[in-house]
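All heavy atoms count here, side chains included; hydrogens, waters and symmetry mates do not.
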2 protein chains.
Amino acid sequence: MAHTDELYKKYGSTLSKCDLFKGMDEKQWNELLALFHEEEWPRESCFINHKKFLYHFFIIVSGRVKMYNVDDFSEKEHTLFLLKKADVFDLFCLLDGVQHQVYYECIDPLKVLAIPMDDLRSWLEKNPSYYQGFLAYAGKMMRMLEENVSQLIFTDISTRLLKLLLSNIDYGSNKLQHINDLPNKEIANLIGSTRAVVNRHLQKLKRNGSIKVSRNNVQIKDISILLKELNNQNKKF
Amino acid sequence: MAHTDELYKKYGSTLSKCDLFKGMDEKQWNELLALFHEEEWPRESCFINHKKFLYHFFIIVSGRVKMYNVDDFSEKEHTLFLLKKADVFDLFCLLDGVQHQVYYECIDPLKVLAIPMDDLRSWLEKNPSYYQGFLAYAGKMMRMLEENVSQLIFTDISTRLLKLLLSNIDYGSNKLQHINDLPNKEIANLIGSTRAVVNRHLQKLKRNGSIKVSRNNVQIKDISILLKELNNQNKKF
DNA sequence: AACCTTGTGCTACCTAGGTAGTTTACAGTG
DNA sequence: CACTGTAAACTACCTAGGTAGCACAAGGTT
């Protein structure tokens with residue numbers, strides 16, 4: 001099992017952060033990893049309703065992928081999830097075995113661990129105690145989607161932008177992570193708006209001194225101003 | 001097992017429509033039903049973040065409940081799901097055991113079959129082959145939520161209203177079901193809008209002859225006009 | 001350097017939908 | 001029956017956010 005050992009050595013610390021397989025020890029990981037292989041996809045690889053995701057399940061070990069949706073008529077994009085290290089996809093297919101009508105695009109060069117969907121399913125059947133983790137993870141995703149729906153209905157763009165920024169600040173360094181190097185257009189896709197509008201709001205935040213903006217880059221200057229701003233949003237009625 | 005037999009006789013046909021327990025035969029149902037008891041809740045019963053739903057799981061056998069969300073600041077409501085016969089709740093709690101921050105309100109007098117959450121969980125552990133059905137059902141709900149998000153981002157109110165109407169037409173009778181007796185306000189809550197705006201659009205549909213509107217009542221007069229209207233929406237750009 | 005691509009910043013405009021208010025219709029109740 | 005509460009209908013108004021367009025800046029490439 002040289003292959004398996006190697007994977008665990010390289011990616012063990014990432015895998016242990018993976019919610020879906022919470023609490024698995026090295027022995028159990030080695031057993032499961034035997035079914036996996038490593039894949040690398042270049043930046044900007046794009047998968048449009050690809051059967052690949054119906055037959056394989058992936059764990060990201062480095063890089064980012066956006067899972068997004070395109071409106072047939074307006075051709076607008078909406079990013080459903082920005083997947084990163086220790087995230088998995090496609091859970092939708094894993095759960096019900098039906099093809100998932102979404103697009104994928106690599107934001108960075110990507111490294112994933114891949115397993116044939118059926119292998120994962122039969123591993124689960126042999127180890128039914130892990131079903132609980134999968135159910136809990138599904139619950140977590142449902143809550144995220146529900147929260148998303150609520151935000152779309154109850155809050156305006158500037159609030160959604162503020163929440164997006166605040167939820168991506170690294171508490172250690174106080175720096176923006178995951179979305180800091182995205183162009184305005186991609187930020188807009190994340191909150192369901194357009195480049196022009198997002199830019200309008202970013203300019204306002206820049207003017208009040210809470211952020212710094214440059215090409216493909218947003219930096220946090222003062223979190224407290226962002227928080228105060230978010231509070232003011234809520235008070236409007 | 002007189003109790004169990006009775007439940008199956010009364011509700012067997014409803015239970016067989018229940019996606020979550022797809023494919024279970026009478027014998028298996030009788031085994032499971034032993035853990036259930038029947039409850040009746042009057043119309044307009046309202047449960048606000050009630051612990052009840054953390055410890056019990058329910059299958060609706062008659063009546064409707066809305067699962068909804070309230071914005072703390074604007075106090076606006078949004079109906080996440082309009083649950084009806086053969087629907088279950090709360091799946092969120094079942095999956096991850098965390099309390100679900102939503103409200104429930106009975107639209108009609110309600111009859112449910114209730115089971116202690118832990119009993120259902122241990123039944124699942126003893127019958128792991130049924131995990132698959134639960135996973136598939138979770139997948140289905142995730143797809144519904146995702147579809148909801150897409151609609152909110154890509155389509156306007158009149159399109160959402162048209163889709164709501166069209167998705168609630170009974171193909172047998174060509175009549176509107178489930179939502180036909182709701183006031184405008186509740187229809188608005190279903191699509192994330194307000195009474196006034198929904199009424200504005202309903203008036204338009206009334207004028208073009210596709211529907212009939214009266215107090216607490218919407219009736220379909222001509223489906224083809226609705227479909228044509230939906231097509232026109234898409235062509236706007 | 002000259003060129004090209006991509007992203008930003010900003011203007012001016014338009015409209016769907018939210019808001020507030022009044023009037024009218026309806027059904028249930030005592 | 002009159003009385004009351006609720007829903008529908010309609011008007012008039014306001015604004016956030018979508019749209020289009022352009023000038024400019026930053027990088028990368030040849």
Problem - Residues, nucleotides or ligands: over 12 heavy atoms within 6.0 Å of B/Lys85 NZ - result: no

Problem - Face-on cation placement of A/Lys66 at A/Tyr68 ring, 6.0 Å and 45° thresholds - result: yes

Exercise for the section: For A/Asn216 and C/dT5, give me the distance from atom CG to atom P, rounded to whole Å. Expected result: 17 Å

Problem - Separation of D/dG17 P from A/Leu161 CG (nearest whole Å) - result: 11 Å

Practice task
Specify the residue among A/Arg200 and A/Gln203 whose closest nucleotide of DNA chain C lies further upstream toward the 5′ end.
Solution key: A/Gln203

Exercise for the section: Look at the side chain of A/Arg195 and the base of C/dT6, then say whether one donor and one acceptor between them are separated by less than 3.5 Å. Expected result: no

Practice task
Identify which nucleotide among D/dG17, C/dT19, D/dA9 has an atom closest to any side-chain atom of B/Val197, counting heavy atoms from C-beta outward.
Solution key: C/dT19

Handout entry: B/Ser214 side chain near D/dA8 phosphate (N/O to OP1/OP2, under 4.0 Å)
Key = no

Exercise for the section: Using five pairs at either end of the helix from C/dA1-D/dT30 to C/dG30-D/dC1, determine the angle between the two local helix axes and round it to 10 degrees. Expected result: 30°

Practice task
Whole angstrom is fine here: how far is it from CG in B/Asp71 over to P in C/dG18?
Solution key: 14 Å

Handout entry: Whole-Å gap separating C1' (C/dG9) and CZ (A/Arg207)
Key = 11 Å

Problem - OP1 or OP2 of C/dG17 under 4.0 Å from side-chain N/O of B/His201 - result: yes

Practice task
May I have the distance from B/Asp156 (atom CG) to D/dG17 (atom P), rounded to whole angstrom?
Solution key: 17 Å

Exercise for the section: May I ask you to verify whether the side chain of A/Arg215 and the base of D/dG27 hold a donor-acceptor pair under 3.5 Å? Expected result: no

Handout entry: Nearest heavy atoms of A/Val218 and A/Ile187, plus distance in Å
Key = CG2-CD1, 4.2 Å

Exercise for the section: Identify, residue by residue, the members of residues 177-185 of chain B with a heavy atom below 4.0 Å from DNA chain D, and return them in order of residue number, or none. Expected result: B/Pro183, B/Asn184

Handout entry: A/Glu229 side chain to A/Asn208 side chain, donor-acceptor N/O pair below 3.5 angstrom
Key = yes

Exercise for the section: Could you tell me whether a side-chain N or O of B/Ser210 sits under 3.5 Å from a main-chain N or O of B/Lys206, the two making a donor and an acceptor? Expected result: no

Handout entry: Donor-acceptor contact below 3.5 Å, side chain A/Arg64 vs main chain A/Leu83
Key = no

Fill in the blank from the handout: Which of A/Phe47, A/Phe58, A/Phe89 passes ring pair (Phe, Tyr, Trp, His ring centres under 6.0 Å) with A/Tyr104? It is A/Phe89

Exercise for the section: Count the heavy atoms of every other residue, nucleotide or ligand shown that sit under 6.0 Å from NZ of A/Lys52, and state whether that count exceeds 12. Expected result: yes

Completion exercise
Among D/dA9, C/dA12, C/dG17, the one nearest any side-chain atom of B/Val213 is D/dA9

Problem - d(CD1, A/Ile153; P, D/dG17) in whole Å - result: 15 Å

Problem - B/Ile157 CD1 - C/dT15 P separation (whole Å) - result: 18 Å

Handout entry: Atom-to-atom span, CG of A/Leu152 to P of D/dG17 - whole angstrom
Key = 12 Å

Exercise for the section: Would you please confirm or rule out a distance under 4.0 Å between OP1 or OP2 of C/dT8 and any side-chain N or O of A/Asn199? Expected result: no

Handout entry: A/Leu95 vs B/Met142 side-chain heavy atoms within contact, under 4.5 Å
Key = yes

Handout entry: Check: B/Ser158 side chain, B/His201 main-chain N or O, donor-acceptor pair, under 3.5 Å
Key = no

Exercise for the section: Using a cut-off of strictly less than 4.0 Å, decide whether B/Lys206 has a side-chain nitrogen or oxygen near OP1 or OP2 of D/dA9. Expected result: yes

